Structure formats: structure tokens, C-alpha cells
Amino acid sequence: MHDILPDRVGLWQHIEDTARAVFAAYGYREIRTPLVEVTELFKRSIGEVTDIVEKEMYSFLDRHGDSLSLRPEGTAGCVRAAIEHGLLNQPQRLWYRGPMFRYERPQRGRYRQFHQIGVEVFGLSGPDIDLEVILLTARLWHRLGLQALRLEINTLGDAGERQCYRERLLDFLRPHADRLDPDSRRRLETNPLRILDSKDPTTQAILAEAPSLLDGLGAQTRAHFDALCAGLDALGIPYRINPRLVRGLDYYNRTVFEWITDRLGAQGTVCAGGRYDSLVEQLGGRPTPAIGFALGIERLVELLGQVDSGANPSVDAYLVALGDRAEIEALRLAERLRDRLPGLRLLVNCGGGSFKSQFKRADKSGARYALVLGEAELELGVVGLKDLRLTGLSAGQGMVGEQRNLDPEALIAVLAAELS
Ligand code: HAM
């Protein structure tokens, strides 16, 4: 679990603000659900024999002896809320954001508290909404200036088709059981589809000959998937069909997809999701088709950090004040500037200090301008303005360069022009 320090927060806010704007552009509305749900909800949705439920949940008994868990993902809570509040009598396009918790083995890109931004759409069953959801993610990458992501898609079929495939896969894998990696061997009887996901080279080699789920699809599933592929082609979204793409959560059927990068090492999946048409009913709601995805903010932050250092200065101006009278007047001036210039990010020197030390702080703050208020300026009724990028102060040389003395109104006009 990580602290997110102020230097990095700018990137987080940039991702969150961009996502919010993209969601608004598609008419998606935000939903906020609790961080804690009854454990049973996750067992019934994510699946009893998944890694998440078997070994990664932070579960505890509350004072009444009820088992609760920190949410390991957002879909289950969203479905619960949608059923509970009667949201499902019409299509819903929802999004959410927030921390999720999984007791995983921490490594680069994999944390125990991490943050997702996710989308869940209810009540729409056609491939057009699958396409919309993917277009929305593509627009998000575009707005963030990310190019290094590739789209992989697959279809998991419907429950019956998956069951048949499971049998075919088991028939194929059983004779190779003793050569499978230990995790895959364990999954053989519980969750054999997850073996397709194994990174072990020997298991991968065995899987090269495995039957493909795509071969056993019924006509409806096939048509849905073909329509999605045709739509992606028509709209110019490149993708790769990956028949080994299975997801670590049990609720999926039909379309699944992931956005992947090679730039983050082993944890290269930045965004993942798919259809889950049976989950609402399984959790007690009326049958309602659904599709969604979630992206990992930490992974996006790391990826964006490679493009942009995130070192945008967080202030525009630093107000230097020398002398008791000036200190009070500086606070008064700062309030006036904030009243008049709502976008201005102004840092007032607090704690005194010589002109030189205050200028050093101004320089360190990254501010473009230093505003100067000393006895001389107070006598004249002016404020000094120095452009720190022009004065050579950024090289730590001390006070050189031009100071313009402006009356407060003229200063406001200059700063307003600068901010616009
Ligand atoms: P997921 O694949 O478990 O799906 O997680 C989605 C994304 O969250 C991953 O692709 C990754 O970027 C990020 N993520 C997951 N675990 C971690 C971790 N331990 N540390 C850092 N990032 C992580 C879901 O959670 C589904 N609820 C997605 C969904 C929504 N499907 C339909 N609707």
C-alpha cells in the first residue's frame, strides 16, 4: 500500500479529470459505493475458486460476527447497488473510481491497495454497446496522449459453451498433467480455463496444441463476436483476437478485452473487462445484460510518468514579504488577488526570513513570478513583480534582473493576462 506524494498527485488528478470528461462525453454517470461489502457478495460474483476469493481478500468479522471484506474490485458492489436501488428498470451507464484491496504478492504494478476507474453498463445486450465501451477507452488513451497500448479481445461464449469447452480442455490437458506448472496442476480440477493464462513456458508449449474455445461457439455467440470485430474494423480500432485471453474473475461471458502495454514489465494490463450477462440475476436481480471494465490508475500513472515527468509547477506566483507591516499586508493583498483571479495559484511566504532566503524559496516553489512587498513598496503603494524565468534566479544566483513596480490593479491585469 502506497502513499501518493504531492509530486505525483498532479498525474493522478490529470488521469481522473480526463476520465471524468470522457465519461461525461458519453453520458456515463458516476456512482459511489462503500469500500466494504459482505464477503458473500464477492464469493458469489467473483467466484469461490478464483485467486481473489481464495487468497486475496481482506476479510474480517464485524462486532456482530458478520463477515465483511474490503472490496477487491468494483463490479460486485455496483451490481449490488443497482439491484438494491431499483436502477435496472432502464439501461444504465455508470462509472466509479476508488481504492480496491487485494492481498497479492506485491511487485511492480501490483499492489495491495490500488485504485481503479471503472465503468459498468446495464440493460444493453448488443455488440454496439461492447463497441461503445471500447471506443470510450480508446478515446481516453488518446486524450491522455498514450500510444503504446494494444487491444486484445476474445469471447468466452455462454455458460453452456464454456462448460463444453471446459470438458474438451480437460480431456486434452489431463494426459499432460504432470508436466504442468504447479499452479496450473492445482487449477486442473477447479478452474481449468485459467490455465490458458499461465506464463510458464512448458505449460505454454503444451497449450500450443490445445483446442480453442472459438471453435466450439454457437451461432449467436459467434454472430455477436463477429459483429464486434466488424465494428472495430469499421471504426478503425486495431485489435488482436487472443483465444487464450481468459479473465481471473468468474462472472464473464462472451466479449472480454484487455488493453496491454509492453512498457510496464510483467504487469502490462492497464485496463480489462468484458460482458457479464448472468451476474445481475445471480445476485438476485431480474435478468439484465451487462458489460464493464476497470483500469488500474497506478499502472497508467507509471506509463504516463514515462512520457511526462509530471513536474508541472503547482504555483504561479510567490509573494515575498519583508517586515511586520508587510507580512499582514501581504496576506491582505493575497486575499484580494485570490478574489479577483480565481485561477491564480499563489503561495505566500510565511515564517519571515531575509529577502534572499525568501527568494530562494520562491525559486524552489517553481513559481513563474515573485511578488515583492517590503517597506519601500508599501510606502509607494505598489507591488514588485519579477519574472523568475527571466531573472536568472532559477540558477540560484540571488536577486538579479528587473523588478517592475505596479499598483495592485495593474498587477491584477498583468497576472490575468498571464493566466488566460
Ligand atoms: P481486473 O482485471 O481484476 O478486473 O482488474 C482491472 C485492472 O485493475 C487490471 O487490468 C489492472 O490494471 C488493475 N489491477 C488489478 N489488480 C491490481 C493490483 N493488485 N495492483 C495494481 N493494479 C491492479 C476487475 O477488477 C473487473 N472488476 C473489471 C470489470 C469491470 N469487468 C467488468 N466490469
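In this text the structure is predicted, and so the values were computed from the model without any measurement. Just so it is clear, the values below take in all heavy atoms, side chains as well, and ignore hydrogens, waters and symmetry mates. Atoms within a ligand are numbered from 1 in the order they appear, just like the ligands themselves.
For atom 19 (N) of ligand 1, the choice among Glu104, Arg108, Gln116 with the nearest heavy atom turns out to be Glu104. The closest non-hydrogen atom to atom 27 (N) of ligand 1, taken over Gln113, Glu73, Glu56, comes from Glu73. Nearest-residue assignment for atom 21 (C) of ligand 1 (options Gly74, Gly109, Gly296; heavy-atom criterion): Gly109. For atom 18 (C) of ligand 1, the nearest non-hydrogen atom from the set Phe114, Phe101, Trp259, Tyr103 comes from Phe114. Comparing Thr269, Ile46, Ile260, Leu249 against atom 12 (O) of ligand 1, the shortest heavy-atom distance belongs to Thr269.
Residues Gln116 and Glu73 bring no donor and acceptor atom of their side chains to less than 3.5 Å of each other. Under 3.5 Å, the side chains of Thr75 and Glu120 contain a donor-acceptor pair of N or O atoms.
With a 4.0 Å heavy-atom cut-off, ligand 1 is reached by the backbone of Val270 but not by any atom from C-beta on. Residue contacts with ligand 1, taken as heavy atom pairs separated by less than 4.0 Å, do not involve Met100 at all. Looking at Tyr252 against ligand 1, only its side chain comes within 4.0 Å, counting heavy atoms. Heavy atoms of Arg102 found under 4.0 angstrom from ligand 1 belong exclusively to the side chain.
Between Leu87 atom CG and Ile31 atom CD1 the span is 6.0 Å, to the nearest 0.5 Å. Atom CZ of Arg32 and atom CH2 of Trp95 lie 7.0 Å apart (nearest 0.5 Å).
If you check which protein heavy atom lies closest to atom 26 (C) of ligand 1, you get Tyr251 OH, 3.3 Å. Protein heavy atom in closest approach to atom 7 (C) of ligand 1: Ala294 O, 3.6 Å. Closest protein heavy atom to atom 11 (C) of ligand 1: Arg299 NH1, 3.4 Å. Nearest non-hydrogen protein atom to atom 20 (N) of ligand 1 is Tyr111 N, 3.0 Å.
At under 3.5 Å, a nitrogen or oxygen of Arg247, whether backbone or side chain, sits near a nitrogen or oxygen of ligand 1. Of the N or O atoms in Tyr96, none lie within a sub-3.5 Å distance of an N or O in ligand 1. For ligand 1, one of its N or O atoms has an N or O atom of Phe293 under 3.5 Å away.
Using a 4.0 angstrom heavy-atom cutoff, Glu298 does not count as in contact with ligand 1.
The shortest non-hydrogen separation linking Tyr239 to Cys229 is OH-CB, 3.3 Å.
Near Gly273, meaning under 4.0 Å from any of its heavy atoms, are these atoms of ligand 1: 31 (N). Close contacts of ligand 1 with Glu120, meaning ligand atoms under 4.0 Å from a residue heavy atom, involve 30 (C), 32 (C), 33 (N). Every atom of ligand 1 is numbered from 1 in the order shown, and the set under 4.0 Å from a heavy atom of Thr75 is 26 (C), 27 (N), 29 (C), 30 (C), 31 (N), 32 (C), 33 (N).
No donor-acceptor pair closer than 3.5 Å links the side chain of Arg110 to the backbone N or O of Ala266. Panel note: side chain Arg139, backbone Val22; no donor-acceptor pair is recorded below 3.5 Å.
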Please report the C-alpha distance between Glu132 and Tyr28 in whole Å, then the side-chain angles of each, then the deciding distance to 0.1 Å, and finally whether the side chain to side chain donor-acceptor pair (under 3.5 Å) criterion is met.
CA-CA 11 Å; Glu132 175 180 289; Tyr28 286 56; 2.6 Å; yes
Criterion salt bridge (Lys or Arg N to Asp or Glu O under 4.0 Å) on Lys386 and Asp363, from CA distance to verdict:
CA-CA 11 Å; Lys386 272 175 182 277; Asp363 192 27; over 6 Å; no
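No option in Arg240, Arg150, Arg247, Arg244 other than Arg247 meets the salt bridge (Lys or Arg N to Asp or Glu O under 4.0 Å) test with Glu258.
Contact check on Lys199 versus Asp181 returns no salt bridge, with no Lys/Arg side-chain nitrogen under 4.0 Å from an Asp/Glu carboxylate oxygen. For the pair Arg174 and Glu189, the salt-bridge criterion is met [side-chain N within less than 4.0 Å of a carboxylate O].
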